Enquirer: 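Pasting a structure here, questions to come.
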Amino acid sequence: MTLQIAADVDGRSTSRALATAGTWLAGVFLAATALIAMTFIPVTGRGDIVLGIAGLAVTGVAVVAALRTASHLRAVLYTIAAGLTLGLYAFVVTGVSVAAASPGAAPASDYVLLSMPEFAILVVGIAARSLGRSLVLGTLALVVGPGLVQLAAWQQGMRLALDVPVVASWIALSLFVVSLWVGRREAARGTAQMLDSALAEERDLANARFSARAADWVADTVLADLRALAAAAPGPLEDRTLQSLDRDLANLADTSLVLSGPEIGASASRSLASVPLLVSVVRAAEQQGLRIRVTGDTEVINGVRPSDARNLERAIAECLDNVRRHSGQDEAEIAVYFSPPEVSVMVSDAGVGFDVDAAGDETVGLRVGVIDSIVEAGGSVQIWSRPGTGTAVFMTVPGAPA
Amino acid sequence: MSGPAAGRAPSRSVPLGSVRAPRGSTALDFDPLAAISARGFLIVVAAVCLSAAVALTVTTASQVSSWPLAIGALVALAAGFGWFIRSAFDFTVGVTNDRYATAFALLAVATVLNSLGSLGSNVLVRDDWGLLTLAFALMAAAPFRTAAELGLYTGVSTALVTVLSLLHVFFSPLTAVPIPVIVLVACAPVLALGLGAMGYARVLLTGIYAERLAQAEARDRQFDALRQRFIDEDGVGAIGPLRDEVVPFLARLRVAGELTADDRVRAAELTALLQAAVDGSRPIDSLGDQVDVFIDEAGLSLRMHEDDRATIRAVLRELNQSPRRTPGSLVLELLEGEEDRFGIIRCSSTDVRSLRAEVLPFIRMMRLMMSTASGEVAGDELLLHFDLQRLAS
């Protein structure tokens, strides 16, 4: 009903999303490294490269585990494990590189076969649930990852070189994480306040609705009966009056009856949280005073192509606007049907109706532009109406099951 | 997480596996406030890319074969990120697919110019900043665009990078490394960050959408609980003399089955009392409770859209909680002009600039929720203006 903002206030969704991003990032760099390393097996004849690649695989598993765990201690342990296995890989690969290269031509310790897995390990901290933990894990990864790689290269007699892209990546990653957290902190503050306000607004609205309903009921029943009594002649009460008194007393004994019925229920848009397209149009119409009933398999609308969904949204909004302006009714129904591969939506009312054949192009219930955009996208629009029999607009667009 | 969010219990009860968000939607569609962090992230990404591009251009100057192309690449890079940032800060349109496509095209041009600028003298493909900035642009787009669109851009980027790296294989004196290795090294950053961005966009959207469904359930529960409390606390019976006087009177009449002259008088008295109570029990506007002075001569408040009311309520609550606010100075004024309706929030403070900084996230939030909203300092007063376009008739 109010403020359909879904906020990741506790940061769990963002953390999970960052863990997924980190998994892909590390996975691609490690896979690319493993592929390149494999090409060296036939060239050098060194089978121990397989051991290095196995180390890389364990590094990948440890990085993913560090990204996914909720425990900071376990994330630290997984990061150390990732660094150690990366060190094993580096020990093997640098040994092969030094042995296979002609004297003086061996690469330095910043070559690509070492840089790419170093990028992969640097992401271990991005999904942590606090900025401090994120920076600690990232820095630990820099020490145990590239740090142990340099150590392994030195052990194998390789020329050492500071891997500038890796250090720059660590700095950039730290900046990204800081900016994300600062922004998130600001957004979360606003979001939490906003959600509290939305709930308070909704609470006030519900209480206002209950109070209004109670006041209406008292005015329609008890107050009317009291007025009738004040105007009645003294003497025995009529059966009709006694029945009214029975009804009033029964309802006052159990007031839940007063607060039941569709008019006291929430707006239709509340039950449509899973169909954002309908939420926006229904809520806007309700705000203008219409009561909307929504039926059918509403979630299939989620499967409609975005461009068709926009056309459908405009068309439904226009239909509801027409109901409000011309039907003489304050109620409308939206029915959703799914007949693969098409999604159909019918907007109907029981209002005054009109003669479709006699109406001009601009007054058939929908602007020509809206109809054209649906038809051009492979859909159709049909309008049924007769004076005094209400109006139904049936729209069909291509869709897929949601 | 610090701040008000810290004590909030997670509302999620919808299993993620069963959630499928509408096609073409992004996480920002459901959580527009997250645009605050997405914009900050974008600025840092842009700064890092521009710094890296300038630094690499300078440090690998010996590999530059055409300075006009190299400088053109930097200009295109700045233009691409400039357009991207401008779109992100456009509160009405945002980063649409068309706008992102424009930014991406400019960045792709920058990548091509950067690559061609070192054609014939390139030693290492990994020194080409264009490949990295294209990858970073995909990463920065993750909050703004859908996973499917990011997949398309990742594919285009990979193809472009492959072509450029092959160009260097044939025209530049690259080290004697097998061609597939050169291509793989060139494509790895784009693939890594592109696929990462896709995963981020998809998982975040699912999580936020699940949160939306969970919040809808929570609202249903709150509505039912409020209804039950209204019944338990006898909200109906609490109307004036209903429970204490009217019910005993009606019950006595029902038992007696007869109306006396005194009963008629009593019925008339109770009618007057109850009518006054019913009139008094009509809901009053709770938005006025949030301020020291509430001016709404046109009666706009109760006709305002619920989202707008919630937004204003959030801003007022934040101002109310601020220790910088001068007590008694918070004013909400809703005005109806000949053609438009708008509102003004006034709040005095001895340190009004700090007060403005404190509520800045909420001013941004107003811009997200309303068509226009602004905050300015006038003397010792903070003035927040906003338009009211969604009003019930």
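Remember, predicted model here, so these are calculated numbers, not experimental data.
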Enquirer: So which of L245(A), T39(A), L277(A) has the biggest tally of heavy-atom pairs under 4.5 Å with chain B?
Expert: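 Maximum pair count with chain B is reached by L245(A).
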
Enquirer: Quick one: does F230(B)'s side chain get under 4.5 Å of S211(A)'s, heavy atoms only?
Expert: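 The answer is yes, as the side chains (C-beta and beyond) meet within the 4.5 Å cut-off.
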
Enquirer: Quick one: does any side-chain atom of R23(B) pair with a main-chain N or O of G303(A) as donor and acceptor, under 3.5 Å?
Expert: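 Checked: pair present.
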
Enquirer: Is chain B contacted by the side chain of S115(A), its backbone, both, or neither, given a heavy-atom distance below 4.5 Å?
Expert: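 When you check distances to chain B, only side chain atoms of S115(A) fall under 4.5 Å.
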
Enquirer: Side chains of P22(B) and E299(A), heavy atoms from C-beta outward: is any pair under 4.5 Å?
Expert: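 P22(B) vs E299(A): side chains apart.
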
Enquirer: Which residue out of A192(B), G196(B), A21(B) racks up the most heavy-atom pairs below 4.5 Å with chain A?
Expert: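 Among A192(B), G196(B), A21(B), the one with the most close pairs to chain A is A192(B).
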
Enquirer: How many angstroms lie between CG in L223(A) and CG in L270(B), if you round to the nearest 0.5 Å?
Expert: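 Spacing of CG (L223(A)) from CG (L270(B)) equals 10.0 Å.
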
Enquirer: Starting from the C-alpha separation in whole Å, work towards a yes-or-no answer on side chain to side chain contact (heavy atoms under 4.5 Å, CB included) for V279(A) and R212(B).
Expert: CA-CA 12 Å; V279(A) 169; R212(B) 174 193 176 91; 3.7 Å; yes

Enquirer: Sort out for me which of T14(A), L237(A), V275(A) touches chain B most, counting heavy-atom pairs under 4.5 Å.
Expert: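 Winner by heavy-atom pair count: L237(A).
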
Enquirer: Give, as side chain, backbone, both or neither, the part of V247(B) having an atom under 4.5 angstrom from any heavy atom of chain A.
Expert: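 Both parts, backbone and side chain.
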
Enquirer: When rounded to the nearest 0.5 angstrom, what distance separates OG in S13(A) from OH in Y209(B)?
Expert: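 It comes to 14.0 Å.
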
Enquirer: Heavy-atom distance under 4.5 Å between the side chains of F223(B) and R203(A), does that happen here?
Expert: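 No, every pair of side-chain atoms sits at 4.5 Å or beyond.
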
Enquirer: Are there over 12 heavy-atom neighbours, none belonging to W217(A), within less than 6.0 Å of that residue's CH2?
Expert: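 Check passes, neighbour count above 12.
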
Enquirer: Would you find more than 12 non-hydrogen atoms of other residues, nucleotides or ligands less than 6.0 Å from R252(B) atom CZ?
Expert: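 Correct, the count exceeds 12.
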
Enquirer: What are the two closest heavy atoms between V278(B) and A219(A), and how far apart are they?
Expert: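 Smallest interatomic distance, heavy atoms only, reads CG1-CB, 4.5 Å.
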
Enquirer: Examine whether an atom of L56(B) lies under 4.5 Å from a heavy atom of chain A, and if so say whether it belongs to the side chain, the backbone or both; otherwise answer neither.
Expert: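 For L56(B), there is no contact with chain A at all, as no heavy atom is under 4.5 Å.
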
Enquirer: What closest approach, in Å, do L226(B) and F210(A) show between heavy atoms, and which atom pair accounts for it?
Expert: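 Closest heavy-atom pair between L226(B) and F210(A): C-CE1, 3.7 Å.
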
Enquirer: How close do A233(A) and L259(B) get, counting heavy atoms only, and between which atoms?
Expert: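 It is O-CD2, 3.9 Å.
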
Enquirer: Under 4.5 Å, counting heavy-atom pairs only, tell me which of A168(A), S15(A), A17(A) racks up the most with chain B.
Expert: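 Top option by heavy-atom pairs under 4.5 Å: A17(A).
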
Enquirer: Considering non-hydrogen atoms only, spot the tightest contact between S179(A) and G40(B) and give its length.
Expert: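 For S179(A) versus G40(B), the nearest heavy atoms are CB-O, 4.1 Å.
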
Enquirer: For R266(B), is it the side chain, the backbone, both, or neither that has a heavy atom closer than 4.5 Å to a heavy atom of chain A?
Expert: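 Interface part for R266(B): neither.
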
Enquirer: Would you say F249(B) and L229(A) make side-chain contact, with heavy atoms under 4.5 Å?
Expert: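 They are in side-chain contact.
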
Enquirer: Pick from A188(B), A225(B), A140(B): which one has the most heavy-atom pairs with chain A under 4.5 Å?
Expert: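 The answer is A188(B).
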
Enquirer: Heavy-atom pairs under 4.5 Å with chain A - which of A201(B), A55(B), P189(B), P180(B) has more of them than the others?
Expert: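 Result: the option with the highest number of such pairs is P189(B).
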
Enquirer: Rounded to the nearest 0.5 Å, what separates atom OG1 in T20(A) from atom CE in M198(B)?
Expert: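 Rounded to the nearest 0.5 Å, the OG1-CE separation comes out at 12.0 Å.
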
Enquirer: So which of E258(B), Q228(B), Q321(B), E269(B) has the biggest tally of heavy-atom pairs under 4.5 Å with chain A?
Expert: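 Highest number of pairs under 4.5 Å: E258(B).
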
Enquirer: Looking at L252(A), is its backbone amide N or carbonyl O close enough to the side chain of R243(B) to form a donor-acceptor pair, meaning the two atoms are under 3.5 Å apart?
Expert: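 Answer holds: yes.
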
Enquirer: Atom CG in L242(A), atom CZ in R254(B): separation rounded to 0.5 Å?
Expert: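 Result: 4.5 Å between the selected atoms.
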
Enquirer: Supply the atom-to-atom distance L191(B) CG to F29(A) CZ, rounded to the nearest 0.5 angstrom.
Expert: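 The CG atom of L191(B) sits 9.5 Å away from the CZ atom of F29(A).
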
Enquirer: Are any of the side-chain heavy atoms of I36(A) and V185(B) separated by less than 4.5 Å?
Expert: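 Of all side-chain heavy-atom pairs linking V185(B) with I36(A), at least one is under 4.5 Å.
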
Enquirer: Could you look at L250(B) and say if it's the side chain, the backbone, both or neither that has a heavy atom under 4.5 Å from chain A?
Expert: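 Contact with chain A: backbone and side chain both.
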
Enquirer: Chain A heavy atoms under 4.5 Å from V44(B): which part of the residue, side chain, backbone, both or neither?
Expert: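 V44(B) touches chain A through backbone and side-chain heavy atoms alike.
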
Enquirer: Does the R264(B) side chain pair with the main chain of A232(A), one donor and one acceptor, at a distance under 3.5 Å?
Expert: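 Side chain of R264(B) to backbone of A232(A), a donor-acceptor pair under 3.5 Å: yes, one is there.
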
Enquirer: Might you point out which heavy atoms bring L180(A) and S37(B) nearest each other, and give the distance in Å?
Expert: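 Closest approach of L180(A) to S37(B): O-CB, 4.0 Å.
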
Enquirer: Would you say that V218(A) contacts Q275(B) through its side chain, given a criterion of any heavy-atom pair below 4.5 Å between the two side chains?
Expert: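 V218(A) does not reach Q275(B) side chain to side chain.
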
Enquirer: Taking side chain as everything from C-beta outward and backbone as N, CA, C, O, which of these in Q290(B) sits under 4.5 Å from a heavy atom of chain A? Side chain, backbone, both or neither.
Expert: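 Neither part; nothing is under 4.5 Å.
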
Enquirer: With rounding to the nearest 0.5 Å, note down the distance linking CZ in R227(B) to CZ in R213(A).
Expert: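 Answer rounded to 0.5 Å: 10.5 Å.
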
Enquirer: Would you name the heavy atoms of A267(B) and A230(A) that are closest together and state the gap between them?
Expert: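 Of all heavy-atom pairs spanning A267(B) and A230(A), the closest is CB-N, 3.8 Å.
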
